[in-house]
Amino acid sequence: MASKSTENRNPAQSADGRAFEIVKNGVESIEIGAEDVSDPQDGKSLSKKAAKKEAAKAERLQKRQMAAAAAAATVVEESDPLAGNYGDLPLEAVQSKEISGRKWTRVGSLMDELKDQQILVRGRAHAIRGVSSKMAFLVVREAGYTVQCVLNVNPGVVSKGMVKFVTGLSKESIVDVEGIVTVPNIAITGASQQVEIHVRKVYCVSKSQPTLPINLEDAARSEKEFEKAEQTGEHVVRVGQDTRLNYRVLDLRTPANQGIFRVQSYVSMLFRQFLISEGFVELHTPKLIAGASEGGSSVFKLDYKGQPACLAQSPQLHKQMAICADFGRVFEIGPVFRAEDSFTHRHLCEFTGLDLEMEIKEHYFEVLDILDKLFITIFDGLNEHCKKELHAINQQYPFEPLKYLRKTLRLTFQEGVQMLKEAGIEVDPLGDFNTETERKLGGLVREKYDTDFYILHRYPLAVRPFYTMPCIDDPLYSNSFDVFIRGEEIISGAQRVHEPEFLTKRAKELGIDVNTISTYIDSFRWGAVPHGGLGVGLERVVMLFCALNNIRKTSLFPRDPQRLAP
């Protein structure tokens with residue numbers, strides 16, 4: 001039975017006492033930039049004035065950190081007979097000195113079944129609330145899960161010194177907590193786990209700075225919270241995108257970000273599992289190559305021991321060569337580099353490519369059949385196994401679940417042009433769609449077919465890479481396709497040209513120096529099966545499945561034209 005003093009279950013609420021004011025991180029009145037959800041188009045760096053402003057802000061932050069550190073410093077009283085049950089662990093205690101045999105419990109595993117058991121957890125000091133000199137609450141967070149820990153002065157168990165030590169901890173410090181699991185008779189609103197730990201021992205393993213560059217409470221706010229604050233006149237901090245990325249390690253600790261990258265991990269796993277079950281072999285192709293793999297000028301050029309080289313724009317050439325080497329079906333999950341000066345919400349200079357290539361017996365629709373089953377498997381898997389992660393994302397960035405058909409809709413490019421024409425939108429029938437046109441078509445498709453996920457195929461040949469196979473019935477079009485989620489492209493693919501002379505001709509027409517890809521072309525001279533494949537942007541898949549507004553939210557440490565750190 002929980003004590004009456006634990007009835008207030010939200011440790012994040014304000015409380016009387018200096019100790020709680022210390023752990024508020026000193027950022028209540030600091031405005032940290034506005035959230036930027038638009039596409040930055042100007043591409044200009046910060047002005048000198050802005051740079052000076054940032055420097056002044058950093059200086060103020062450092063002063064606050066020093067002041068807060070001094071205020072937060074606590075000393076374990078030597079006269080406390082329980083002094084050995086709390087305090088800062090010395091470095092040698094975690095230098096792999098010994099294996100104690102102690103059993104650790106993950107915060108996410110703390111359930112009612114552990115009632116009355118003594119357990120040991122390690123996590124971050126997520127929230128701290130000192131009720132009085134004799135009582136405090138400490139919320140410990142591990143991997144997005146949180147548990148409320150209660151300290152109540154009890155002779156021989158918890159001392160005032162222990163309570164004082166906990167209330168003096170800085171948020172985000174790493175702590176070890178040992179205690180007894182209890183099950184309160186009312187819901188706990190301030191933590192994910194519906195049990196409490198009545199603390200017996202607590203140690204600080206690693207101290208966080210008393211004042212953080214960004215506060216996790218602020219970084220985790222939803223737009224609804226900002227709207228509510230505006231209505232009530234409450235001042236809250238909006239953490240801007242650049243600030244988030246500057247302090248990405250802190251930003252990644254929010255529940256939504258923990259969810260985003262666990263969902264991303266699951267997409268990769270399902271991609272790999274499905275393809276292996278379909279007879280695909282995972283390969284790893286070189287990222288340093290002699291020439292452009294896609295054509296055009298958007299390549300990162302570098303010097304390779306005195307030879308000109310570039311970073312691969314895709315594994316395209318080498319996965320085709322693997323097909324020529326009789327692997328039959330191959331896939332790769334790896335980095336892709338594009339030197340585009342693109343400042344949109346969906347472009348990066350480095351992203352994770354999910355690529356596959358496969359032999360074709362008769363028709364490139366064989367690739368589409370694999371693609372269809374693959375993504376239905378991924379979507380079903382996310383909805384079934386990532387409920388908690390998707391909920392966490394939805395709490396900060398609300399979105400409607402993705403609509404998709406059991407058999408994926410396929411439209412020709414010409415049918416897409418016709419749908420746009422009927423809606424009063426004129427487009428070049430032999431050109432490519434721009435971002436706005438793709439979105440409009442996505443809206444039309446959703447309205448007519450009730451799906452957010454569809455395939456558009458038979459693209460004009462002029463807008464596809466040199467290795468794309470033309471259509472047999474009309475050389476102006478090609479055996480190629482793009483795939484869309486919520487009106488934005490996530491996949492591009494096609495049947496490939498496997499005839500070396502025609503491949504050479506196509507490359508020259510698109511301005512590619514065939515000498516730089518001679519080994520690639522030669523691989524087709526020794527007999528090549530018809531084949532096709534596709535490339536998927538992992539970050540785009542997650543961004544659009546969760547209806548996020550910027551691909552930087554789904555890139556762990558984004559690389560765009562202006563960002564090379566952290």
Side-chain angles (χ1 to χ4, degrees), residues 23 25 65 68-69 72-78 80-111 114 117-128 136 138-151 157-159 161-181 191-193 195-213 216 247-255 257-258 261-262 264-265 268-269 556-557 565-566:
V23 301
N25 288 341
Q65 288 174 347
T74 58
V75 179
V76 176
E77 298 178 17
E78 294 182 4
D80 186 353
L82 299 177
N85 291 346
Y86 63 94
D88 297 328
L89 284 183
L91 180 61
E92 55 264 29
V94 290
Q95 279 187 289
S96 301
K97 181 173 63 176
E98 62 182 6
I99 298 176
S100 68
R102 292 180 297 170
K103 182 181 178 182
W104 301 79
T105 303
R106 294 190 67 81
V107 170
S109 301
L110 294 174
M111 303 294 180
L114 296 176
Q117 293 187 30
Q118 182 163 313
I119 55 92
L120 173 64
V121 299
R122 174 173 289 173
R124 293 191 180 275
H126 178 71
I128 305 160
L138 166 66
V139 175
V140 174
R141 187 185 77 248
E142 182 189 28
Y145 295 95
T146 50
V147 63
Q148 182 162 275
C149 305
V150 183
L151 294 96
V157 181
V158 175
S159 65
M162 184 185 290
V163 173
K164 182 180 179 183
F165 170 75
V166 167
T167 55
L169 287 169
S170 51
K171 289 167 74 173
E172 295 302 298
S173 293
I174 305 296
V175 294
D176 286 350
V177 176
E178 189 174 323
I180 307 299
V181 176
S192 66
Q193 307 309 109
V195 299
E196 286 181 334
I197 299 176
H198 280 242
V199 179
R200 296 295 179 265
K201 297 179 180 180
V202 57
Y203 302 99
C204 181
V205 179
S206 175
K207 287 183 179 180
S208 172
Q209 288 183 339
T211 303
L212 301 174
L216 260 69
Y247 304 104
R248 188 61 160 162
V249 170
L250 286 172
D251 183 47
L252 289 172
R253 296 177 189 175
T254 65
N257 278 330
Q258 289 288 307
F261 291 99
R262 282 173 165 77
Q264 188 178 98
S265 173
S268 296
M269 184 192 71
L556 195 67
F557 295 99

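All of these numbers come straight from a predicted model, not from anything done at the bench.
- When atom types are taken as modelled, the side chain of Arg200 and the backbone of Gly179 share no donor-acceptor pair closer than 3.5 angstrom.
- Side-chain contact between Gln193 and Val107 is present, with at least one heavy-atom pair separated by less than 4.5 Å.
- Salt bridge Arg106/Glu142: present, at least one basic N to carboxylate O contact under 4.0 Å.
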request  = Could you go through the side-chain contact (heavy atoms from CB on, under 4.5 Å) check for Tyr86 and Ser159 one step at a time?
outcome  = CA-CA 10 Å; Tyr86 63 94; Ser159 65; 3.7 Å; yes
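- In this structure, the side chains of Asp176 and Trp104 come closer than 4.5 Å at one or more pairs of heavy atoms.
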Worked check of side-chain contact (heavy atoms from CB on, under 4.5 Å) between Leu556 and Leu252 = CA-CA 8 Å; Leu556 195 67; Leu252 289 172; 3.8 Å; yes
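- Residue Ser100 is tested with Arg102, Lys97, Glu98 for a side chain to side chain donor-acceptor pair (under 3.5 Å); the sole match is Arg102.
- Between Gln117 and Ile180, every side-chain heavy-atom pair lies at or beyond the 4.5 Å cut-off.
- Contact of the Val121 side chain with the Leu110 side chain is registered, since non-hydrogen atoms from C-beta on lie closer than 4.5 Å.
- For Arg248, the salt bridge (charged side-chain N to carboxylate O under 4.0 Å, His left out) partners at least two apart in sequence or on another chain are Asp251.
- With sequence neighbours excluded, the residues satisfying side-chain contact (heavy atoms from CB on, under 4.5 Å) with Glu92 are Pro90, Gln95.
- Using a 4.5 Å heavy-atom threshold, the side chains of Leu216 and Arg141 count as touching.
- When each of Val195, Ile197, Thr105 is paired with Leu114, the side chain to side chain contact (heavy atoms under 4.5 Å, CB included) condition holds for Thr105 and for no other.
- Here CD of Gln148 is found 11.5 Å from OG of Ser192. Values are rounded to the nearest 0.5 Å.
- Counting heavy atoms from C-beta on, the side chains of Glu178 and Gln118 come closer than 4.5 Å.
- No side-chain heavy atom of Val199 sits under 4.5 Å from any side-chain heavy atom of Val150.
- Scanning all heavy atoms of the two residues, the minimum distance from Ala136 to Thr167 falls at CB-CG2, 3.7 Å.
- Rounding to the nearest 0.5 angstrom, the gap separating the SG atom in Cys149 from the CG atom in Leu138 is 5.0 Å.
- Here the CG-OH distance, from Leu120 to Tyr203, works out to 10.0 Å after rounding to the nearest 0.5 Å.
- From Glu172, atom CD reaches atom CZ of Arg253 across 4.5 Å, with rounding to the nearest 0.5 Å.
- Listed by first and then second residue, the salt bridge (charged side-chain N to carboxylate O under 4.0 Å, His left out) pairs that reach into residues 204-213 are Asp88-Lys207, sequence neighbours excluded.
- Contact check for Pro213 versus Leu250: side-chain heavy atoms found under the 4.5 Å cut-off.
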key: Evaluation steps, side-chain contact (heavy atoms from CB on, under 4.5 Å), between Leu151 and Met162   = CA-CA 8 Å; Leu151 294 96; Met162 184 185 290; 3.6 Å; yes
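- In this structure, Cys204 SG and Ile174 CD1 are separated by 8.5 Å, a value rounded to the nearest 0.5 Å.
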ask   = Please walk me through it: do Ser170 and Ser173 pass side-chain hydrogen bond (donor to acceptor under 3.5 Å, both in side chains)?
value = CA-CA 6 Å; Ser170 51; Ser173 293; 3.0 Å; yes
